[in-house]
Amino acid sequence: MGRFGPTHRKIPVPKRHGVRDPLKRLAEREAANKDKINNPPKEHDVQEVSNSFKRFMALAKEANESKPRVKRKKQTTKLQIGSTVLEKRHKESEEAFLLRAEKVQEDREVEATFGTKFGVEVLHDDKSGAIRVVKRKGIEVDGMLQQISDEKSGKKGAKRRKAAEAAKARKASIAEEKAAKKQQALQEQREEEDLLLREFQYERVPFGEVVKEPPTLHTLPRRATRDGVPRPGSKGLLLTSLLTPKQTEEDEVPVMKKSSKKKEKETKPDLKGKRKKLPAATRMKIEREQQSVIEMYRQLKKKVKQ
């Protein structure tokens with residue numbers, strides 16, 4: 001089997017720059033260590049120990065000495081909110097710590113708004129958890145600003161009072177005008193309803209009263225005209241020309257019934273939409289006007305056909 005990859009593999013080898021002179025290299029090494037080895041002793045009567053022995057003695061001394069173990073304090077996460085410092089508890093997750101900090105911040109905001117509204121300060125004791133409410137001390141600058149505002153208000157007080165009185169008078173006049181218009185509209189509506197109801201008043205006749213003649217009616221009945229109400233079968237309809245003159249009375253009866261049904265449908269009061277809430281007199285007046293418009297349209301259509 002053949003092997004994968006290139007057949008001739010190149011092995012990395014350091015580059016050779018020729019053979020250096022060994023004597024020259026030895027001379028350079030001796031020159032570098034000239035001041036470090038083979039030096040005469042500083043003092044003739046003192047024999048110094050070797051560096052390895054010095055290191056050995058230092059290690060033996062460290063082993064014999066008992067050093068106190070210093071416990072390293074773990075750095076806990078801290079967060080300051082106002083005067084309160086929150087520390088992350090043992091085995092408390094980061095999310096729970098942030099939620100607790102957010103709740104404390106909301107409480108401090110509510111306390112700040114309460115303090116500005118009522119002029120007090122809310123003090124907290126982080127160790128015991130006690131809460132104290134202290135009255136806020138006044139500031140000299142606030143007193144000066146209040147004095148300046150009082151002086152300005154004294155000069156412009158008359159103008160402001162006049163403007164306020166004029167505004168009140170204007171509002172009162174507008175309210176009176178609106179009330180008068182509303183009262184007038186109600187009065188007109190009542191008068192219109194009274195006029196409509198006069199046509200449909202009932203006459204009450206006491207028991208035992210003698211009447212010598214029938215009453216004279218000045219108003220026409222409902223859906224009546226001056227010429228008189230056309231009776232069923234008296235109208236000259238287009239169907240009469242198609243019918244035979246030998247038609248029996250029995251055949252004429254269903255036609256009369258149909259026309260009477262149609263008339264009943266036409267005279268049925270309309271109780272849909274807004275007419276349902278109207279009084280009876282107003283609804284009858286609207287129906288009468290509608291019937292008159294329909295009659296005018298029918299007459300105009302007849303003239304056009306002729």
Inset, instruction - For the pair Leu86 and Val104, evaluate side chain to side chain contact (heavy atoms under 4.5 Å, CB included) and give the outcome as yes or no after the intermediate values. - result: CA-CA 9 Å; Leu86 293 177; Val104 172; 4.1 Å; yes
Below 4.5 Å, heavy atoms only, C-beta onward: do [X] and [Y] meet side chain to side chain?
| X | Y | value |
| --- | --- | --- |
| Arg132 | Glu121 | no |
| Glu102 | Leu99 | yes |
| Glu94 | Lys88 | yes |
| Lys54 | Val49 | yes |
| Lys61 | Met57 | no |
| Leu123 | Ile131 | no |

Inset, instruction - Give a yes or no answer on whether the side chain of Glu92 reaches the backbone of Arg89 with a donor-acceptor pair at less than 3.5 Å. - result: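 Checking the backbone N and O of Arg89 against the side chain of Glu92, a donor-acceptor pair under 3.5 Å is found.
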Inset, instruction - Say whether, by atom type as modelled, one donor and one acceptor occur between the side chain of Thr84 and the main chain of Gln80 under 3.5 angstrom. - result: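 No, because the side chain of Thr84 does not come within donor-acceptor range (under 3.5 Å) of the backbone of Gln80.
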Does [X], at its [atom1] atom, have more than 12 non-hydrogen atoms belonging to other residues, nucleotides or ligands within less than 6.0 Å?
| X | atom1 | value |
| --- | --- | --- |
| Lys285 | NZ | no |
| Glu289 | CD | yes |
| Glu209 | CD | yes |

Inset, instruction - Compare every heavy atom of Leu79 with every heavy atom of Ala101, then report the nearest pair and how far apart it is. - result: CB-CD2, 3.7 Å
Inset, instruction - Over all heavy atoms of both residues, which pair between Ile81 and Gln105 is shortest? Give the atoms and the distance, please. - result: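 Closest heavy-atom pair between Ile81 and Gln105: CG2-CA, 4.0 Å.
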Legend entry - Verdict with reasoning, Arg283 to Ile286, per side chain to side chain contact (heavy atoms under 4.5 Å, CB included): CA-CA 5 Å; Arg283 191 166 60 245; Ile286 293 168; 5.8 Å; no
Legend entry - Steps toward side chain to side chain contact (heavy atoms under 4.5 Å, CB included) verdict (Glu43, Glu48): CA-CA 9 Å; Glu43 297 179 7; Glu48 293 183 1; over 6 Å; no
Legend entry - Hydrophobic cluster membership, Val120 vs Val134, 4.5 Å side-chain cutoff: no
Can you give me every donor-acceptor pair (side chain of residues 24-31, partner residue at least two apart or in another chain, under 3.5 Å) with its distance?
none

Legend entry - Under the side-chain contact (heavy atoms from CB on, under 4.5 Å) test, residues paired with Arg55 that sit two or more places apart: Asn51, Ser52
Legend entry - Pairs meeting criterion ring pair (Phe, Tyr, Trp, His ring centres under 6.0 Å) with involvement of residues 70-108, two or more places apart: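 Applying ring pair (Phe, Tyr, Trp, His ring centres under 6.0 Å) to every pair that reaches into residues 70-108, excluding sequence neighbours, yields nothing.
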Legend entry - Distance, nearest 0.5 Å, that separates CD of Glu188 from CD of Gln183: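 Separation between the atoms: 11.0 Å.
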Inset, instruction - Can you measure from CD (Gln299) to CE (Met296) and round to the nearest 0.5 angstrom? - result: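 One finds 8.0 Å between CD of Gln299 and CE of Met296.
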